[in-house]
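Right, one structure below, let's go through it.
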Amino acid sequence: MDSTVYPNKDVIVASKTAVNVFCHGEAKHEAKKKYGTEEWCEHVYGLTCEEHNAIKDETSHLFFKGSISCPTTILCMPDGTEIKRKVGSMPNKELIEMIKEAATKVGPGLGQDEYLFGKGKLKASEDALKAGKTKDAIDALNAGNKTIGKNPAAKAVVDQIKAELEKLNKAGLDLIAKAKEDVAAGKVDEGKKALLEVSKNYKTLECAKEADKEIAALPKAK
Amino acid sequence: MKSTLVTVLFLAAAASAVQAGDKKDKPAQIPADYMHFAHSWEAAKAEAKERNVPIQISFHKDG
């Protein structure tokens with residue numbers, strides 16, 4: 001089933017409306033198949049044999065008492081509660097129908113591509129912050145928000161993006177507060193430099209506008 | 001003639017760069033030709049909850 005049904009384009013499209021879990025307790029097959037530059041199990045893109053063995057050990061007791069009938073396909077609610085199962089192989093159409101039926105029952109959900117896109121932007125932002133590139137971090141989050149922000153099904157991911165933007169806005173406001181203290185203490189150049197940094201690196205956030213106001217209010221050089 | 005060629009090459013490179021930029025900020029077909037699988041049961045439940053979608057779990061053996 002894994003070698004005939006899963007590579008089918010219509011099955012792949014349907015699979016993007018669910019989270020897919022592949023359990024396989026054996027490793028007599030080719031453990032290292034080339035997928036471009038990556039090497040994974042011959043049966044599944046993106047998983048090693050160690051991973052699909054571990055997932056089988058982790059889940060089989062949740063769905064079977066005693067021996068496991070293979071192949072078995074089970075559709076579950078997001079919390080793992082079983083909705084429907086089919087023992088034995090099945091044609092593409094039947095699997096697509098099973099997934100569609102379950103997606104409608106759980107529905108409306110976020111597609112896999114949009115989800116991975118949003119999560120990718122969160123990761124890109126995290127990486128940029130680690131590298132000290134605040135502007136790139138904000139750009140990544142804004143790109144994620146712009147693309148999936150209006151999709152109600154993306155709320156959980158969009159909320160994470162907004163929370164990160166709010167954290168960055170708070171960091172920008174903290175820098176402004178420090179800059180104002182410097183200005184008040186007579187260190188105008190130092191304060192101005194910090195405000196200009198906020199204005200440039202935190203662009204599109206409220207704190208950048210605040211920094212611009214503070215820059216305009218700085219004492220003029222004689 | 002030479003300057004026309006340089007201009008054409010420049011415009012082609014610019015158009016290609018714009019296209020690359022456009023592609024970068026759109027959800028990609030990941031992966032294009034294979035089904036995507038979760039790396040653990042807990043990760044599957046967490047993703048399904050965030051996306052509000054069902055989990056499709058399948059059990060297999062060799063042969």
Open item on the list: For B:F59 together with A:F22, are the ring centres under 6.0 Å from each other?
Closed with: no

- [ ] Decide yes or no on side-chain contact (heavy atoms from CB on, under 4.5 Å) for A:V21 and B:F37, but give the supporting numbers first.
- [x] CA-CA 5 Å; A:V21 180; B:F37 291 96; 5.8 Å; no

Task: Choice from A:L62, A:T17, A:I68, A:V106 maximising heavy atom contacts with chain B below 4.5 Å - done: A:V106

Task: Winner by heavy-atom pair count (cut-off under 4.5 Å) against chain B, out of A:A156, A:A18, A:G109 - done: A:A18

- [ ] Tell me, for A:L75 versus chain B, whether the close heavy atoms (under 4.5 Å) come from the side chain, the backbone, both or neither.
- [x] both

TODO: Over all heavy atoms of both residues, which pair between B:A38 and A:V19 is shortest? Give the atoms and the distance, please.
DONE: CB-CG1, 4.0 Å

Open item on the list: Test salt bridge (charged side-chain N to carboxylate O under 4.0 Å, His left out) on B:E50 and A:K119; report intermediate values, then the result.
Closed with: CA-CA 11 Å; B:E50 277 192 343; A:K119 286 296 211 183; 3.2 Å; yes

Task: Under 4.5 Å from any heavy atom of chain B - which part of A:A102 - done: both

Open item on the list: With rounding to the nearest 0.5 angstrom, report the OG1 to NE2 distance, A:T72 to B:H60.
Closed with: 9.0 Å

Open item on the list: Does any backbone or side-chain atom of A:T48 lie under 4.5 Å from a heavy atom of chain B? Answer side chain, backbone, both or neither.
Closed with: neither

Open item on the list: Can you tell me how far apart NZ (A:K155) and CG (B:N52) are? Round to the nearest 0.5 Å.
Closed with: 12.0 Å

TODO: Check the pair B:H39, A:L47 against side-chain contact (heavy atoms from CB on, under 4.5 Å), reporting the backbone distance first and the verdict last.
DONE: CA-CA 7 Å; B:H39 289 264; A:L47 283 189; 3.7 Å; yes

TODO: Can you sort out the partners of A:E58 under side-chain hydrogen bond (donor to acceptor under 3.5 Å, both in side chains), two or more places apart, ordered by chain and number?
DONE: none

Open item on the list: What verdict does the side-chain contact (heavy atoms from CB on, under 4.5 Å) test give for B:Q56 and A:L95, after you've listed the backbone C-alpha separation in whole Å, the side-chain angles of each residue and the deciding distance to 0.1 Å?
Closed with: CA-CA 10 Å; B:Q56 187 251 134; A:L95 177 59; 4.2 Å; yes

Task: Residue A:I74 versus chain B: region with a heavy atom under 4.5 Å - done: both

- [ ] Provide the closest heavy-atom pair for A:D79 versus B:K45 in the form atom of the first, atom of the second, distance.
- [x] O-CD, 3.4 Å

Task: Greatest number of heavy atom pairs closer than 4.5 Å to chain B - which of A:G80, A:G120, A:G118 - done: A:G80

TODO: Rounded to the nearest 0.5 Å, what's the gap from CD1 on B:I57 to NZ on A:K56? Could you check?
DONE: 11.5 Å

- [ ] Under 4.5 Å, counting heavy-atom pairs only, tell me which of A:P108, A:A140, A:G144 racks up the most with chain B.
- [x] A:P108

Task: No-hydrogen, no-angle side-chain donor-acceptor test under 3.5 Å, A:Q112 and B:E47 - done: no

TODO: Working to the nearest 0.5 Å, report the span between OG of B:S58 and CE of A:M90.
DONE: 8.5 Å

- [ ] Check step by step if side-chain contact (heavy atoms from CB on, under 4.5 Å) holds for A:L110 and B:V53.
- [x] CA-CA 7 Å; A:L110 180 63; B:V53 295; 5.6 Å; no

Task: Distance-minimising heavy-atom pair for A:H24 and B:K61 - done: NE2-C, 3.4 Å

- [ ] Go through A:A154, A:P78, A:S15, A:G46 and name the one with the most non-hydrogen pairs under 4.5 angstrom from chain B.
- [x] A:P78

TODO: Report, as yes or no, whether the 6.0 Å neighbourhood of atom NZ on A:K65 holds more than 12 heavy atoms from other residues, nucleotides or ligands.
DONE: no

Task: Under 4.5 Å from a heavy atom of chain B, the part of A:Q160 involved - done: side chain

